[in-house]
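Note sheet for the following structure.
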Amino acid sequence: MLRDPAARAQLEREGWVIVDFFEPAEIDELVATFEALHDFPVEGMFFSNRSPDQEYKARVQKFIKRYYPPKVDQFFDDAEWIDGVFIIKAPGAGEFTNHQDWSLVDEGEHRSIGIWAPLLDTDAGNGTFCVLPGSHRFHETYRSPTIPSIYARDELEAVVDAHRQVLTVRRGQAVLFDHALIHATTSNTSRERRSAAFVGVKPRRAEMRFYWLDPEAQKIEAFRIERDFLYRYDYRSRPEAPSLGFLPWNPPELSPDDLEQAISHHAGAEPVRVPWWRRWIAAGR
């Protein structure tokens, strides 16, 4: 979807790329509007879509719709934006640990992209973005807040921490990244709150999906969702949305050596993508 060939090539191979997203006048106006909207104290990490204030959330959605869809049209071809959120990391807030974002499309056919745009210069000291290059292509999985991450073990976290890159992102720039990329943000040890906007992008022809793990059946159910789902979902219950049926789920059990091998393979050559469910079927399970 990305128009610039060089940026598209890096995004496809590495899973991320930094672009100059806003012009100086645009970012000045955006920051001023943002500060007027967020003239209240924040502790820890604040996500606009989790606020109980419905009026505030409606103003945030209006704000994002004003500033971000035109930039999506500028940078992407035949794409549309997915509803976004503001994330504020107060002084003293800790690291947002390694994770992958939700699967929002059928990733066997399409890819969805995140846009992380800080409203100030960011580095390791105030909550910048971290990436594990190539990890969007290591293992194909379904991802949502109800599905355990295949990387959520201390020994695997240690491998990610050892290999991830800490990015320096300037005010007006944005990190474009594949939603399957393993990423994180550093602690904010500065005296200023770190504010950033996060907006999603998908191919226009791709329907949005949400994957929910049925805790009793231990099966994944797929749902067709709309753009405002992020602002309505409670992160736990079965979604009130059209069901697309159940999918097989037998996630791989990774060892630290498996992850190290995937990282080394990416650094030296294009990885061979074999979806885990095809390996599962081939093994006769």
Side-chain angles (χ1 to χ4, degrees), residues 16 21-22 26-27 30-72 75-76 79-90 93-105 112-120 122 126-131 143-146 169 171-181 183-186 188 193-202 208-211 225-236 239 241:
W16 66 276
F21 200 64
F22 289 108
E26 291 176 329
I27 191 65
L30 189 154
V31 170
T33 307
F34 174 89
E35 293 299 340
L37 183 61
H38 295 85
D39 60 348
F40 50 83
V42 170
E43 295 183 357
M45 285 195 68
F46 172 85
F47 296 82
S48 62
N49 62 318
R50 301 182 193 177
S51 170
D53 187 338
Q54 297 301 320
E55 182 181 348
Y56 159 76
K57 289 199 289 188
R59 293 200 305 269
V60 167
Q61 288 177 292
K62 183 178 179 180
F63 178 103
I64 289 175
K65 189 174 182 179
R66 173 184 175 187
Y67 286 100
Y68 285 87
K71 305 306 291 186
V72 170
F75 281 87
F76 293 87
E80 63 182 6
W81 68 288
I82 301 169
D83 221 341
V85 300
F86 284 112
I87 307 172
I88 302 174
K89 181 169 282 194
E95 177 179 302
F96 192 6
T97 56
N98 303 312
H99 65 284
Q100 298 169 290
D101 287 346
W102 301 359
S103 312
L104 293 176
V105 295
S112 59
I113 303 300
I115 302 174
W116 186 84
L119 305 187
L120 73 170
T122 60
N126 69 343
T128 197
F129 210 76
C130 307
V131 297
R143 306 178 307 279
S144 82
T146 70
V169 189
R171 181 181 189 263
Q173 291 185 322
V175 183
L176 312 183
F177 66 100
D178 192 297
H179 277 148
L181 184 77
H183 60 283
T185 58
T186 62
N188 183 5
R193 68 183 186 182
R194 189 235 63 198
S195 302
F198 172 66
V199 177
V201 180
K202 72 173 185 66
M208 284 186 64
R209 293 188 175 186
F210 180 79
Y211 297 96
I225 60 172
E226 301 297 331
R227 177 183 291 161
D228 65 348
F229 183 79
L230 285 170
Y231 276 79
R232 295 186 288 105
Y233 186 58
D234 64 7
Y235 286 67
R236 296 183 303 278

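In what follows, residues are counted from 1 in the order of the sequence shown. Nothing here was measured: the structure is a model prediction, and the numbers come from that model.
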Kindly indicate whether the side chain of [X], heavy atoms from C-beta on, has any atom under 4.5 Å from the side chain of [Y].
{"X": "Asn49", "Y": "Tyr233", "answer": "no"}
{"X": "Thr122", "Y": "Thr186", "answer": "no"}
{"X": "Phe129", "Y": "Trp16", "answer": "no"}
{"X": "Leu104", "Y": "Lys202", "answer": "no"}
{"X": "Phe75", "Y": "Val201", "answer": "no"}
{"X": "Ile82", "Y": "Phe229", "answer": "no"}

What is the distance from atom [atom1] of [X] to atom [atom2] of [Y], rounded to the nearest 0.5 Å?
{"X": "Ile64", "Y": "Trp81", "atom1": "CD1", "atom2": "CH2", "result": "7.0 Å"}
{"X": "Ser48", "Y": "Asp53", "atom1": "OG", "atom2": "CG", "result": "11.5 Å"}
{"X": "Tyr67", "Y": "Thr33", "atom1": "OH", "atom2": "OG1", "result": "3.0 Å"}
{"X": "Lys57", "Y": "Arg232", "atom1": "NZ", "atom2": "CZ", "result": "10.5 Å"}
{"X": "Ser112", "Y": "His179", "atom1": "OG", "atom2": "NE2", "result": "4.5 Å"}
{"X": "Arg171", "Y": "Phe21", "atom1": "CZ", "atom2": "CZ", "result": "15.0 Å"}

key: Single hit among Val60, Ile88, Ile27 for side chain to side chain contact (heavy atoms under 4.5 Å, CB included) with Phe34   =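 With Phe34 as partner, Val60, Ile88, Ile27 yield a single side chain to side chain contact (heavy atoms under 4.5 Å, CB included), made by Ile88.
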inquiry  = Would you say the ring centers of Phe198 and Tyr68 fall short of 6.0 Å from each other?
reply    =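 That pair fails the under 6.0 Å test.
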request  = Answer yes if the ring centres of Phe40 and Phe46 are under 6.0 angstrom apart, and no otherwise.
outcome  =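 Between Phe46 and Phe40, which both carry aromatic rings, the centre distance is below 6.0 Å.
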Could you tell me which non-hydrogen atom of [X] sits nearest to which non-hydrogen atom of [Y], and how far apart they are?
{"X": "Tyr56", "Y": "His38", "result": "OH-NE2, 2.7 Å"}
{"X": "Lys89", "Y": "Met45", "result": "CE-SD, 3.7 Å"}
{"X": "His99", "Y": "Thr97", "result": "ND1-O, 2.8 Å"}
{"X": "Phe22", "Y": "Lys71", "result": "CE2-CG, 3.7 Å"}
{"X": "Ala241", "Y": "Ile225", "result": "CB-CG2, 4.3 Å"}
{"X": "Leu119", "Y": "Val31", "result": "O-CG2, 3.7 Å"}

key: Residues which pass ring-ring contact (aromatic ring centres under 6.0 Å, His included) with Tyr235, listed by chain and number, not counting sequence neighbours   =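 So Tyr235 forms a ring-ring contact (aromatic ring centres under 6.0 Å, His included) with Trp102.
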inquiry  = For the CD atom on Glu95, are there more than 12 heavy atoms of other groups (residues, nucleotides or ligands in this structure) within a distance under 6.0 Å?
reply    =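 Yes - once you tally the heavy atoms of other residues, nucleotides and ligands closer than 6.0 Å, there are more than 12.
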query = Does Asp39 have any side-chain contact (heavy atoms from CB on, under 4.5 Å) partners at least two apart in sequence or in another chain, and if so, which?
reply =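 Applying side-chain contact (heavy atoms from CB on, under 4.5 Å) to Asp39 gives none.
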key: side-chain contact (heavy atoms from CB on, under 4.5 Å) against Glu43, all qualifying residues, sequence neighbours excluded   =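 If we apply the side-chain contact (heavy atoms from CB on, under 4.5 Å) test to Glu43, skipping adjacent residues, there are no hits.
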Return yes if some donor-acceptor pair links the side-chain N/O of [X] with the main-chain N/O of [Y] below 3.5 Å, else return no.
{"X": "Thr185", "Y": "Gly127", "value": "no"}
{"X": "Arg194", "Y": "Leu120", "value": "no"}
{"X": "Arg227", "Y": "Asp83", "value": "no"}

key: side-chain contact (heavy atoms from CB on, under 4.5 Å) between Arg50 and Val85, intermediate numbers included   = CA-CA 9 Å; Arg50 301 182 193 177; Val85 300; over 6 Å; no
